[in-house]
Undergrad: 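Supplied in structure tokens, the structure appears directly below.
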Protein chains: 2
Amino acid sequence: MEELEEYLIQNFDVSKNEIDNVLEKFQLIEIKKNEYLLRSGDICEYIYFVVSGCLRTFFYNSEGFDSTRYIAFENNFIGPLHSFIQQIPSNENISAVEQSKVLRISHRDFKEGMNSIPVIKDLYIQFLEKAYIMNYWRIETFLSLDAKERYVYLFNNNKLMIKRLPNKILASFIGIAPESLSRIKSKI
Amino acid sequence: MEELEEYLIQNFDVSKNEIDNVLEKFQLIEIKKNEYLLRSGDICEYIYFVVSGCLRTFFYNSEGFDSTRYIAFENNFIGPLHSFIQQIPSNENISAVEQSKVLRISHRDFKEGMNSIPVIKDLYIQFLEKAYIMNYWRIETFLSLDAKERYVYLFNNNKLMIKRLPNKILASFIGIAPESLSRIKSKI
DNA sequence: TAAAAACATTAACATTAGTTAATAAATTAA
DNA sequence: TTAATTTATTAACTAATGTTAATGTTTTTA
């Protein structure tokens, strides 16, 4: 749990006591590469904090290929919020890109914490703000850049993704076919 | 202000007194079609609640065309959050698609309200959650749909946009050239 | 209300990205 | 460690979208 504790200390003005209250609501889970934490159609019961490894959320598009909507490396939260908040079925899957350790908090504990532990509300706000900013630049790249430019953008701004994601997932995150990504890389 | 009052009553468990405290932080502004509330490069000082009309946020892409990131009709908030939160220059503009009336709250009053008026925090969370869900499906359409499918998606799910936005802005929201949108419409 | 400006449509052509298929390389499992 | 499986690359071809330019339509302004 030290990773989440460290994360809280770094990001919030929070007392030792409050940290303990938060931490006790989380539970450590290990997951092997390619295993699922959530399948589309199911209700998202947990939000996850990535301690080590890498997870992604993705869905299957009309042609049956998968599209990666979000990637979380260490020290980031992941979970399809609309499903979690409203407790309705998710159209996304969560799975492990690498073998990972995650801390999960249930919807029940989260709701309870939102009322009883002030820092959880702040944590949630920060999570939403981070998601907002990530989604913001994501939409911007789709609106204004072509496939090659989107790859170059990631190359310049997100070395971690370039380094740790296989071609296939990188392509599905950029929104192009893996063959197109190969072509793009060969021409740079 | 009745519109915002109504909105608060509808969406939050909030007392008359609290509503008054919130409302007094807002200021009514009128804006003519095509006028700007924010220009890229400036720091976003206000978040706006649309009372009537329609606003959009957009930026200029590398070829000098504009891309529309977000559209707000009546009873929705608008503002580039990353600029507002962090008080850093925005790369987006806000302008009026139609002649509009908006209520604005300053960053200063917002920050103050976040600490002193509980419902403002909830309002902010709901704003972030709404933005999350909107951005979520937006990214999904870019990842999994081609231009024609994105138009059809809007046609089925957002009649208001189809009805009230000119072709040019609709195309810039879908991420295609206006000529392409004309072609798509003629083939449906 | 007429003229000007902005916007929308259409068509021909150019470019980008998707598709298919074959092969090579890397990873996983026996 | 080898065989099997998955992933990555390449090339030829196809389909979709962008670009340019001409024309028609609508909106704005004088």
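Sequence lines set the chain letters: A, B, ... in the order given, protein chains first and strands last, and positions in each chain run from 1. What you see is a predicted model; the values in this text were computed from it and never measured.
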Undergrad: Between the side chains of D66(B) and R56(B), is the shortest nitrogen-to-carboxylate-oxygen separation below 4.0 Å, so that they form an ion pair?
TA: yes

Undergrad: Among the candidates dT19(D), dT9(D), dT19(C), find the nucleotide nearest to the side-chain atoms of F65(A).
TA: dT19(C)

Undergrad: So among Y7(B), F73(B), F110(B), which one has a ring pair (Phe, Tyr, Trp, His ring centres under 6.0 Å) with F49(B)?
TA: Y7(B)

Undergrad: I176(B) has an atom CD1; how far is it from atom P of dT9(C), in whole Å?
TA: 12 Å

Undergrad: When you compare the side chains of R150(A) and T141(A), does any donor N or O come within less than 3.5 Å of an acceptor on the partner?
TA: no

Undergrad: Using a cut-off of under 3.5 Å, enumerate the N/O to N/O pairs linking the protein to nucleotides 26-30 of chain C.
TA:
from	atom 1	to	atom 2	distance (Å)
dT28(C)	OP1	K33(A)	NZ	3.1

Undergrad: Indicate yes or no: does E112(A) engage K25(A) in a salt bridge with an N to O separation below 4.0 Å.
TA: yes

Undergrad: Are Y124(A) and L81(A) side-chain neighbours, meaning at least one heavy-atom pair lies under 4.5 Å?
TA: yes

Undergrad: Please state how far atom NZ in K187(B) lies from atom C1' in dA15(D), giving the value in whole angstrom units.
TA: 10 Å

Undergrad: Measure the distance from CD1 on I184(A) to C1' on dT16(C) and round it to the nearest whole Å.
TA: 9 Å

Undergrad: Rounded to whole angstrom units, what separation is found between the CG atom of L181(A) and the P atom of dG18(C)?
TA: 10 Å

Undergrad: To the nearest 0.5 Å, how far apart are CG in L55(B) and CG in N93(B)?
TA: 12.5 Å

Undergrad: Taking only heavy atoms on the protein side, list every residue of residues 144-169 of chain B lying under 4.0 Å from any atom of DNA chain D, sorted numerically.
TA: D146(B), A147(B)

Undergrad: Name the closest nucleotide to the S186(A) side chain, picking from dA8(C), dT19(C), dT10(D).
TA: dT10(D)

Undergrad: Answer with yes or no whether the side chains of S90(B) and S83(B) bring together a donor and an acceptor at under 3.5 Å.
TA: no

Undergrad: Tell me whether the side-chain N/O atoms of S182(A) come closer than 4.0 Å to OP1 or OP2 in dT9(D).
TA: yes

Undergrad: Of the nucleotides dT10(D), dA21(D), dG18(D), which has the atom closest to the E179(B) side chain?
TA: dA21(D)

Undergrad: Write down the distance between CZ (F142(A)) and C1' (dT17(D)), rounded to a whole number of angstrom.
TA: 16 Å

Undergrad: Would you check if there is a donor-acceptor pair between the side chains of K121(B) and N115(B) at a distance under 3.5 Å?
TA: no

Undergrad: Could you tell me how far apart R183(A) (CZ) and dA11(D) (P) are, to the nearest whole angstrom?
TA: 11 Å

Undergrad: Distance from E5(A) atom CD to D20(A) atom CG, nearest 0.5 Å?
TA: 7.0 Å

Undergrad: Should the ring pair Y136(A) and H82(B) be called parallel, tilted or perpendicular, given that the plane angle runs from 0 to 90° and is split at 30 and 60?
TA: tilted

Undergrad: Would you call R164(A) and E74(A) a salt bridge, using N to O less than 4.0 angstrom?
TA: yes

Undergrad: If I take atom CG in residue N34(A) and atom P in nucleotide dT6(D), what distance separates them, rounded to the nearest angstrom?
TA: 10 Å

Undergrad: By a strict heavy-atom criterion of less than 4.0 Å, which residues belonging to residues 91-99 of chain A are in contact with DNA chain D?
TA: none

